[in-house]
Amino acid sequence: MTTARENTRQPQAARRRGRRPAGEDTRAALLAAARDVFAESGYHNATVRAIAARAGVDAAMVNHWFGGKDGLFAQAVLNTPFDVREIVEDVTADGPDRLGENIVRRFVAIWDGAGGSAFVALVRSISTHGEALEFLKKVLLKKLLPAITAAAGSDRPDLRAALCATQLLGLGMARYVAEVQPVAAADVEALVATVAPTLQHYLTGDLGEPIS
């Protein structure tokens, strides 16, 4: 026999199983869907309709929460998924001799934690969305790596930062974009053991003759 209390609960349960309400869960779903669609298609080919369909919401929700495709891209892809100062403090905490391994460990942990899709979306959008390239330059070459090379205390810090950027971008491309095996499936510590020595050389080693 169904009680009055059970009857009052049943409509609420039915509503919870229905269409997602236009709240913060909708916003989160759109962000997750946008990362996937931008990663698959790049900025130019991604559409608001496709992103909304992936999220299971009405396309009007994109304008409601983000003001359009540009605003959604900025929030889903260009929002740094980490605090730069926190990363610098963590990477440099063990002194110059462990910078390489700490960088690789944090780089992989951060982008793995974001599902890799944010990195893929960023890279695939560089050719069609100028802000994606500027974001990459700003974070890597103007904030993160210069602070780390300064902590290394070596000569030619700008060159060292640029060389580190080539290594990290190459690692990101291989692991998240091209999914080159066994790099894509390797665990963090395996990558630390193999990639960190190169980064460490870029940061503290002898770079030979200056690049003209």
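Side chains included, hydrogens not; waters and symmetry mates left out as well; all remaining heavy atoms used. Everything numeric in this text was worked out from a predicted model, so none of it was measured.
- With sequence neighbours left out, the salt bridge (charged side-chain N to carboxylate O under 4.0 Å, His left out) criterion links D155 to R160.
- Qualifying side-chain contact (heavy atoms from CB on, under 4.5 Å) partners for Q200, counting only residues two or more places apart in sequence or in other chains: L99, T204.
- Heavy-atom minimum distance, F38 versus A121: CB-CB, 3.6 Å.
- We find the CZ-CG distance between F73 and L122 to be 6.5 Å, quoted to the nearest 0.5 Å.
- Looking only at distances, no side-chain donor or acceptor of E89 sits under 3.5 Å from a matching main-chain atom of A93.
- Side-chain N or O atoms of S117 include none that pairs as donor or acceptor with a backbone N or O of D36 at under 3.5 Å.
- With hydrogens and angles ignored, the 3.5 Å screen pairs a side-chain donor or acceptor of K69 with a backbone N or O of A46.
- Residue pairs meeting the ring-ring contact (aromatic ring centres under 6.0 Å, His included) criterion with at least one member in residues 142-171: none, sequence neighbours excluded.
- Each side-chain hydrogen bond (donor to acceptor under 3.5 Å, both in side chains) pair with one or both residues in residues 137-152, not counting sequence neighbours, would appear here, but there are none.
- Across every non-hydrogen atom of A76 and A34, the tightest pair is CB-CB, 3.9 Å.
- Residue pairs that meet the side-chain hydrogen bond (donor to acceptor under 3.5 Å, both in side chains) test with at least one member in residues 168-180, sequence neighbours left out, are D112-R175, D112-Y176.
- Distance CG/L144 to CD1/I103: 7.5 Å, rounded to 0.5 Å.
- Taken to the nearest 0.5 Å, the CG atom of L207 stands 8.0 Å off from the OG atom of S154.
- Residues V77 and S125 form no side-chain contact, since every pair of their non-hydrogen atoms from C-beta on lies 4.5 Å or further apart.
- In this structure, L72 and L31 have side chains that are in contact, with non-hydrogen atoms separated by less than 4.5 Å.
- With sequence neighbours excluded, the residues that form a side-chain contact (heavy atoms from CB on, under 4.5 Å) with L141 are A165.
- Minimum heavy-atom separation, P197 to V192: CD-O, 3.8 Å.
- Take D90 and apply the salt bridge (charged side-chain N to carboxylate O under 4.0 Å, His left out) test, not counting sequence neighbours, and it matches R106.
- With sequence neighbours left out, the side-chain contact (heavy atoms from CB on, under 4.5 Å) criterion links D70 to Y43, H129.
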Please test L171 against V108 for side-chain contact (heavy atoms from CB on, under 4.5 Å), starting from the C-alpha separation and ending with a verdict.
-> CA-CA 9 Å; L171 174 59; V108 175; 4.1 Å; yes
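- For A184 against A174, the heavy-atom pair with the smallest separation is CB-O, 4.4 Å.
- Shortest non-hydrogen contact noted between A59 and A52 is CA-CB, 3.5 Å.
- For residues 113-127, no pair satisfies salt bridge (Lys or Arg N to Asp or Glu O under 4.0 Å), with sequence neighbours left out.
- Note: Y202 OH to L168 CG = 10.5 Å, rounded to the nearest 0.5 Å.
- Applying the salt bridge (Lys or Arg N to Asp or Glu O under 4.0 Å) rule to pairs touching residues 182-205 yields R105-E189, sequence neighbours excluded.
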Verdict with reasoning, V183 to T194, per side-chain contact (heavy atoms from CB on, under 4.5 Å) = CA-CA 10 Å; V183 174; T194 53; over 6 Å; no
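- Between L169 and F119, the closest heavy-atom pair is O-CZ, 4.2 Å.
- Legend: residues meeting side-chain contact (heavy atoms from CB on, under 4.5 Å) with A33, ordered by chain and number and at least two apart, are I51, R54, A55.
- By the side chain to side chain donor-acceptor pair (under 3.5 Å) test, E101 is found to be paired with R98, residues two or more places apart in sequence or in another chain being considered.
- Note that CG of D25 and CG of L30 are 10.0 Å apart. Values are rounded to the nearest 0.5 Å.
- Hydrophobic clustering keeps V177 apart from V180 (ILVMFWY residues linked when any side-chain heavy atoms are closer than 4.5 Å, directly or through intermediates).
- Going from atom CZ of R27 over to atom CZ of F66 covers 4.5 Å, rounded to the nearest 0.5 Å.
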